[in-house]
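So the structure is just underneath, and the comments pick up after that.
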Amino acid sequence: MIHKTSPEVGGMGHPLRRKEDSRFIQGKGNYVDDVHLPGMVYGQMVRSPYAHARLKTVNTEKAKKLPGVLAIITGEDLAKANLAWMPTLSHDKQMVLATGKVLFQSQEVAFVIAEDRYTAADAAELVEVEYEELPVLVDPQKAMDPGAPVLREDREQKNNHIFHWEVGNRKATDDVFQKAPVKASVNAFFQRCHPAPLETCGCVADFNKATGKLTVYMTSQAPHAHRTVFALVGGIPEQNIRVISPDIGGGFGNKVPVYPGYVCAIVASLTLGVPVKWIETRSENLQSTGFARDYHMTAEIAADRDGKMQALRVKTLADHGAFNAAAQPTKFPAGLFSICTGSYDYPQAFCEVDGVYTNKAPGGIAYRCSFRVTEAAYLIERVVDVLALELKMDPAELRRKNFIPPDRFPYESSLGWTYDSGNYEAAMKLALDKIGYAELRKEQAEKRKKGELMGIGISSFTEIVGAGPAHTFDILGIKMFDSCEIRIHPTGKAITRMGTKSQGQGHETTYAQIVAQELGIPANDVTVEEGDTDTAPYGLGTYASRSTPTSGAATAIAARKIRDKAKKIAAYMLECSENDLEWEPGKFYVKGAPSKAKTIQEIAFAAYTNMPPGMEPGLEAVDYYDPPNLTFPFGTYACVVDIDKGTGEVKVRRFVAVDDCGNIINPMIVEGQIHGGLTEGLAIAFMQQIDYDESGNVQGGSFQDYLLPTAVETPHWETDKTCTPSPHHPFGAKGVGESPNVGSPAAFVNAVVDALSHLGVKHIDMPIAPWKVWNILKEKGVIS
Ligand code: CDP
């Protein structure tokens, strides 16, 4: 049972205002570009205008002569130090600066260092690079053709195929399909998109020649892992590297990989002995850093005539760009895409994915997504709607019929996951009741008679977040656990440090609330510090909604270790046995005599001034938490759209989001997370795509083409929740940060297709821009 703490203490469930916001709204945040060190100089990348070209010469002479230029690093220079290539997070390698040839537009070719940013930018334009253009591959299907030009000449394998990965029982699934009376299928492309965080990537590398210590201030979602990579790749002793992630203006997975800019800034600082700052421009961020999605997917469902699903078959071509730099755990080349059975009970399933190289920027990062889960949730929620059309069945009814029932948890999916807990029907019922589903269907029927276009979309997604457990999950061999250290000061105040790193999620508030819940120390008396590898315990960082399931759990366990010690001290102070003591948040008291009590603050003081004989002084604990399983948050999103026949514009009339992330630490923060993620989902569904023309030129490489939704485009979000605690998490919580981005694209697309389904429309690929809808209306003879 979770004790309810007072608002002053502010434990679990209190909508505490975000502590960090006080500095943010005053403009007093401390981001990487706010770091100014004495003697600091600036780096600027020279990038390739071509998507595929032989690099003939890189001439830096003219650029070097520009007053203020200090040095220029080329791929050849790095090759001499064996640093021209670096490992990626997916056991591939990636060029730091190009040698031999370039493989995507905007690839890093040289790094100019100058006394100021403007001189560095001017000098970068003076670097003369001679290219010889090569044939470009932007279509992953064509890249798989046997005669296709081989992009990666460095590999032994002489084709563009990266990996084949499959899971499930192919034969048993095929057998079901052979006999099934009803089949439905969809080819869905989840377009390449980009997290586009408000703050781009950057760093300040500061090598101190006197101490031999390298400090890197950087936009890192995983500071410890980056420190270890720098040590392993650069050969610098790990104790001499300190990574500091200051405030981060949004990450969404974009700040997980190691980028060439970081490496070049470090090399430059090691060489010149001065701090070197490198900050990307917006276009550099969109064009060269970790993209997301780019999955060409086919899903088929085999079902009975009454709509009971029997099997799911999924085939996917994954476009990974020039280097396989996808951020994902080692054992899962397609991430956790095998969650694609979703919220449904499939007796059989089979899923296969092929990864392929093309002339595009590398990435495949987990953009607000637990490693390809967004693609999986979108696919299953789309194909279920296609089956409903095939069966002429209501999509809500079809879902209800096939949901994994609450009494089947923990549930073993046919693709190998053990879902911890769920109650899908309850979430769907709440969402449909709130939106008035039955009434809307009646309204739709009336509107159709009048030739008006209105659609209702449902998405009942299941998520999988919180990697580890360590026995299955690692990144570059480092096991996926996470950590927390708590120190209670003599006056009963505390400082806690974690292996995770907030990028705007509000960790300084919510972790403090966990301590408040477990120890009764007011959340405002608890300082939360993340992102400094010299002080925080080792951890794998924040992405894939893993902070609450891992470091959140570690915080509770570390607090409970402290409480155990506090109990001993309280027993000594109250001259009673530990067994006679009861706990309520904030104090121990003697059973049956509540006035005989010691508060946590009194106990903390005693831990330094009056500890029991033989007891080690102090009151602190650390916990490295290896979760026994992932957590499986879920929800149902329901959306109503109206379509303007004249322009093809889709207007989102209403959007109801019911989420279930188990027990909630801070309902206001969770609601904020959901608003943000839904807005990103809206953008993906209707506005955003990083596309390429035939020559590999990036379309969508600036905010002129890659559209961000403003308040004008964003509808009013209506949120609600159900609560199905995780049975294995110390306080029953599940992650939530990515749910809205994972669950919403299908709700939007399902609504648009629903509006047009009577015209024979089965699927429309995102982004659903007005011109696409307008063309369909024209093609179907709705408008002339
Ligand atoms: O890893 P990340 O912080 O991005 O994701 P998360 O663990 O889902 O947490 C996002 C924010 O929501 C954090 O501030 C969490 O503490 C908060 N949260 C919560 O208050 N209750 C939950 N059950 C889950 C998350």
Side-chain angles (χ1 to χ4, degrees), residues 13 15 342-344 368 373-374 377-378 380-381 384-385 394-406 409 419-441 456-465 545 548 631-641 652-682 685 714-726 732-751 754:
S343 310
Y344 311 101
R368 209 167 183 160
V373 175
T374 314
Y378 173 68
I380 184 69
E381 288 307 301
V384 165
D385 260 35
D394 181 273
E397 183 51 34
L398 179 63
R399 283 176 169 80
R400 198 172 289 121
K401 202 173 195 125
N402 289 282
F403 278 150
I404 302 159
F409 291 89
Y419 293 27
D420 59 348
S421 62
N423 188 347
Y424 303 139
E425 187 164 346
M428 188 173 79
K429 183 173 182 326
L430 182 55
L432 298 189
D433 286 352
K434 259 188 109 87
I435 207 156
Y437 187 67
E439 287 307 308
L440 286 169
R441 284 285 172 216
I456 309 145
I458 302 169
S459 168
S460 289
F461 64 95
T462 285
E463 262 259 73
I464 170 169
V465 307
S545 295
T548 304
T631 66
F632 294 73
F634 60 91
T636 288
Y637 295 163
C639 170
V640 190
V641 300
V652 177
R653 191 202 304 178
R654 282 187 69 196
F655 194 101
V656 170
V658 172
D659 272 276
D660 192 322
C661 59
N663 290 326
I664 287 179
I665 306 162
N666 184 323
M668 188 176 68
I669 285 183
V670 167
E671 197 181 356
Q673 292 285 301
I674 291 166
H675 281 213
L678 293 177
T679 307
E680 287 175 329
L682 173 93
T714 307
H716 171 67
W717 307 118
E718 301 170 59
T719 58
D720 211 329
K721 57 179 174 292
T722 55
C723 179
T724 314
S726 169
K734 301 180 177 189
V736 76
E738 65 198 41
S739 291
N741 194 322
V742 168
S744 64
F748 295 116
V749 177
N750 285 350
D754 184 63

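Interatomic distance, D720 CG to E671 CD, rounded to the nearest 0.5 Å: 9.5 Å. To the nearest 0.5 Å, the span separating CD on E425 from CG on L430 amounts to 12.5 Å. To the nearest 0.5 Å, atom CG of residue N741 and atom OG1 of residue T679 are 10.0 Å apart. For the atom pair OG of S421 and CD1 of I404, the computed distance is 11.5 Å after rounding to the nearest 0.5 Å. Between the NZ atom in K429 and the CZ atom in R400 there is a gap of 8.5 Å [rounded to 0.5 Å]. Taken from OG1 in T548 to CG in N663, the straight-line distance is 12.0 Å, to the nearest 0.5 Å.
Shown here for L440 and I435, the closest heavy-atom pair between the two residues is CD1-O, 3.4 Å. The nearest pair of heavy atoms linking G342 to Y419 is O-OH, 2.7 Å. For the pair V742 and P745, the tightest heavy-atom approach, listed with the atom from each and the gap, is O-CD, 3.8 Å. Closest heavy-atom contact between T631 and A733: CG2-O, 3.9 Å.
Residues passing the side chain to side chain donor-acceptor pair (under 3.5 Å) test with T636 are S460, sequence neighbours excluded. Judged as a side chain to side chain contact (heavy atoms under 4.5 Å, CB included), and not counting sequence neighbours, the contacts of A747 are S459, Y637, C639, F655. Under the rule for a side chain to side chain donor-acceptor pair (under 3.5 Å), the partners of S545 that lie at least two apart in sequence or sit in another chain are E738.
You'll find the side chain of L682 reaches within 4.5 Å of the side chain of F748, heavy atoms only. Taking 4.5 Å as the limit, some side-chain heavy atom of V384 sits within range of a side-chain heavy atom of Y344. Taking the side chain as every heavy atom from C-beta outward, I458 and N750 never approach each other to under 4.5 Å. Proximity of D659 to T719: side-chain heavy atoms (C-beta onward) are nowhere separated by under 4.5 Å. When side chains are defined from C-beta on, T722 does not count as touching N423, because their heavy atoms never get closer than 4.5 Å.
Formation of a donor-acceptor pair under 3.5 Å by the D754 side chain with backbone atoms of I456 is found in this model. At least one donor-acceptor pair under 3.5 Å links the side chain of R399 to the backbone N or O of E381. K734 contributes no side-chain N or O that, together with a main-chain N or O of G662, makes up a donor-acceptor pair within less than 3.5 Å.
In summary, K401 and D394 do not engage in a salt bridge, as defined by a charged side-chain N under 4.0 Å from a carboxylate O. With salt bridges taken as basic N to acidic carboxylate O contacts below 4.0 Å, one links R368 and E680.
Of the residues listed (D420, V465, I464, V736), the one engaging P633 in a side-chain contact (heavy atoms from CB on, under 4.5 Å) is V465, and it is the only one. For the side chain to side chain donor-acceptor pair (under 3.5 Å) with Y424, the lone residue among N402, D660, T462 that qualifies is T462.
Aromatic rings from F634 and F461 are positioned such that their centres are separated by 6.0 Å or more.
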